[in-house]
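Numbered from 1 within each chain, the chains take letters A, B, ... in sequence-line order. Just so it is clear, the values below take in all heavy atoms, side chains as well, and ignore hydrogens, waters and symmetry mates.
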Amino acid sequence: MDDTPASNFLQTIIGDDIASGRVATVVTRFPPEPNGFLHIGHAKSISVNFGLAEANGGRCNLRFDDTNPEKESSVYIEAIVADVRWLGYQWDGDIRYASSYFQQFYDWAVYLIKENNAYVCDLNADEAREYRGTLTEPGRNSPYRERSVEENLDLLARMKAGEFAEGAKVLRAKIDMSSPNMNMRDPILYRIRKVTHHQTGNDWSIYPTYDFAHGQEDAIEGVTHSICTLEFEDHRPLYEWFLDHLPVPSRPRQYEFGRLNPSYTVTSKRKLKQLVDEQIVDGWDDPRMPTISGMRRRGYTAASIRRFCEMIGTTRSDGVVDVAMLEFAIREDLNENAVRGMCVLNPLKVVLTDYPEDKIETLSAPRHPNRDDLGERELPFTREIYIDADDFRGEANKKYKRLVLGKRVRLRNAYVIEADEVIKDDNGEITEIHAHTIPGTLGENPADGIKPKGVIHWVSVAQGVPAEVRLYDRLFNHEAPDKGDNMFMDHINPESLSIVTNAWIEPALAAASREQQFQFEREGYFVADRFDHSADKPVFNKTIGLRDTWVDG
RNA sequence: UGGGGUGUCGCCAAGCGGCAAGGCACCAGGUUUUGAUCCUGGCAUUCAGAGGUUCGAAUCCUCUCACCCCAGCCA
């Protein structure tokens, strides 16, 4: 958005087109099919399409490629619209639908028949496959290929009228059954589907295929640069064939880029849907999902997703992007902008035996270590506090910079304390620690010169608030779960979610509003859950941990 | 054994005939009341490989190799 236009091959092409006068105004489009939620791969496409339009003073349309009603639903339309908006992009004019051009497509189909460039074929799916040939053998002409224009016109009209059963007939382009490009072997333009369409209801019983719709949609909308992913490259000759043989109002051009494949994740709507359907996750917006809505709920910001897309670039090579880059993008944003707070995930009580029982000292702590503009928060200090159980050891080596029996540690934003005694129950489990404060260490080092070895976070027992914290980890424990067909189900990380129900947060955090991001110091970045969080029952999701270079656990 | 693509550091990626940007990751120091941030330094005599053209090649030519996509009435 405020970024300088990324230099990539698409920008070069567009720059040349503008310079040569081939295009006056750049028009792109983001054309999702409403058959699932948008994921991080779509975010790249959105970033490319809207970004290129924006960088070149052009426009970008949001168009639903809704040509297959069987798999689509308006539920997805609503989710997709919300996601694009949340990412921060504004499409040109109204939302478009391929389905609103259905009559035009039909008229063009009639045109093609009249030009002897299309015919109705009665081959069923199996027969058609047989006639199509293979990658190395040419196909054979359909026995229905030479029907008369009149007969084809009549048959198409009757297909439209619903006279034939699904699968009984299709309309095909008459191109070349021996083409080495499978897409040119008399591709299907229309198939019979007697289903209700989410936009057009029962108006149609035949629906155009992607190939017979896409280029024409682009032409109707005046799209100048139709940008898609690499797997459509083989369709480009067909895309152009239709533009060549139809009286379309403009001449769009298709360009392809390599799709995004983040490591440790799957980005295939089919596979994501399977995770949802089989309840491996809680829904399309589960925080472990690589969907836009899942990432949003996880605590990713729109800015970090845009930044990530910018970092990875746009090229024609397809590789796997290390998720560490995505993690870097969100840490970078949150480090700069997230308010700090303290949360104890695994509470261990510490009693400060020298501290008065009823005393509540209201300390003040900065909301951010390097940003004074974010101000300060009140931080109550009391005799009993919780620290994380991992932050105490009876004894430890010099590398351990936390609380050790007989040693000192600094309580973040408060006093230096020294551990005196470990209290255990009958089973030998530690129940609490007795310690004492070192006077005069509020904002100062100990007067005796014995500096604490480390800093740990804490929360007042009496003034803190219980909270639920959902700890997320990657959904897959394999770098490339997408490899192989259904193998990805074998690589599910069984520990991708663990819920901490007895976390303890400082009062300032209980005042969080939904979707507000924080850094729980020394733990990571967390967000108040978009749906489940409330002041009465705080719920936080772990977005990502802090970078941890500490060796020796 | 058809057609279409891609190969530059562990990952992403600039480079488009003049002598290998940058980011992520990693490593080593410094600062630090977050083992975070921040700061400093390190990290491809080499561009899939082999030939060739040229004063000079990652960039041009030739061949080879590897990987990806295409045989949905999905997009």
Does [X] make a side-chain N or O approach to OP1 or OP2 of [N] shorter than 4.0 Å?
| X | N | value |
| --- | --- | --- |
| A:R132 | B:rC73 | yes |
| A:R316 | B:rG7 | no |
| A:R129 | B:rG72 | yes |
| A:T67 | B:rA75 | yes |
| A:R193 | B:rC74 | yes |

So what does [X] hit on the nucleic acid, given a heavy-atom distance under 4.0 Å: a base, only sugar-phosphate, or nothing?
| X | answer |
| --- | --- |
| A:R547 | sugar-phosphate |
| A:G319 | sugar-phosphate |
| A:A329 | nothing |
| A:L189 | nothing |
| A:R402 | base |
| A:N124 | base |
| A:L238 | nothing |
| A:G443 | base |
| A:T549 | sugar-phosphate |
| A:S179 | nothing |
| A:H235 | base |
| A:R340 | base |
| A:V416 | nothing |
| A:F232 | base |

Using atom [atom1] of each nucleotide, how far apart are [N] and [M] to the nearest Å?
| N | M | atom1 | answer |
| --- | --- | --- | --- |
| B:rG30 | B:rA36 | C1' | 16 Å |
| B:rG3 | B:rA58 | P | 31 Å |
| B:rU53 | B:rA44 | P | 31 Å |
| B:rG52 | B:rU45 | C1' | 22 Å |

After noting the C-alpha distance and the side-chain angles of A:E233 and A:R316, does the key distance pass the salt bridge (charged side-chain N to carboxylate O under 4.0 Å, His left out) rule?
-> CA-CA 11 Å; A:E233 192 155 21; A:R316 287 177 59 82; 2.4 Å; yes
Looking at [options], which one has an atom nearest to any side-chain atom of [X]?
| X | options | value |
| --- | --- | --- |
| A:M182 | B:rA71, B:rA14, B:rC24 | B:rA71 |
| A:D322 | B:rC70, B:rC11, B:rC73 | B:rC11 |
| A:M311 | B:rA75, B:rG2, B:rG23 | B:rG23 |
| A:A324 | B:rG4, B:rA75, B:rA25 | B:rA25 |
| A:L230 | B:rG5, B:rC11, B:rG3 | B:rG5 |
| A:L546 | B:rC12, B:rG4, B:rU34 | B:rU34 |

Using heavy atoms to find the nearest nucleotide of RNA chain B for A:I192 and A:L135 separately, return the residue whose nucleotide is more 5′.
->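 Result: A:L135.
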Report the residue (A:R307 or A:Q519) whose heavy-atom-nearest nucleotide on RNA chain B is the more 5′ of the two.
->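 Going by which nucleotide is closer to the 5' end, it is A:R307.
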Specify the separation, in whole Å, of atom CD of A:E523 and atom C1' of B:rG35.
->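 Distance, rounded to whole Å: 12 Å.
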Assess whether atom CD of A:E395 is packed by more than 12 heavy atoms of other residues, nucleotides or ligands within 6.0 Å.
->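 Not buried by this count: 12 neighbours or fewer within 6.0 Å.
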Hey, could you give me the CG/NE2 distance between A:D373 and A:H368, rounded to the nearest 0.5 Å?
->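 Going from the CG atom of A:D373 to the NE2 atom of A:H368 covers 8.5 Å.
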Using modelled atom types only, decide if a donor and an acceptor are shared between the side chain of A:R307 and the backbone of A:A329 within a distance under 3.5 Å.
->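 Here the side-chain-to-backbone pair does not exist.
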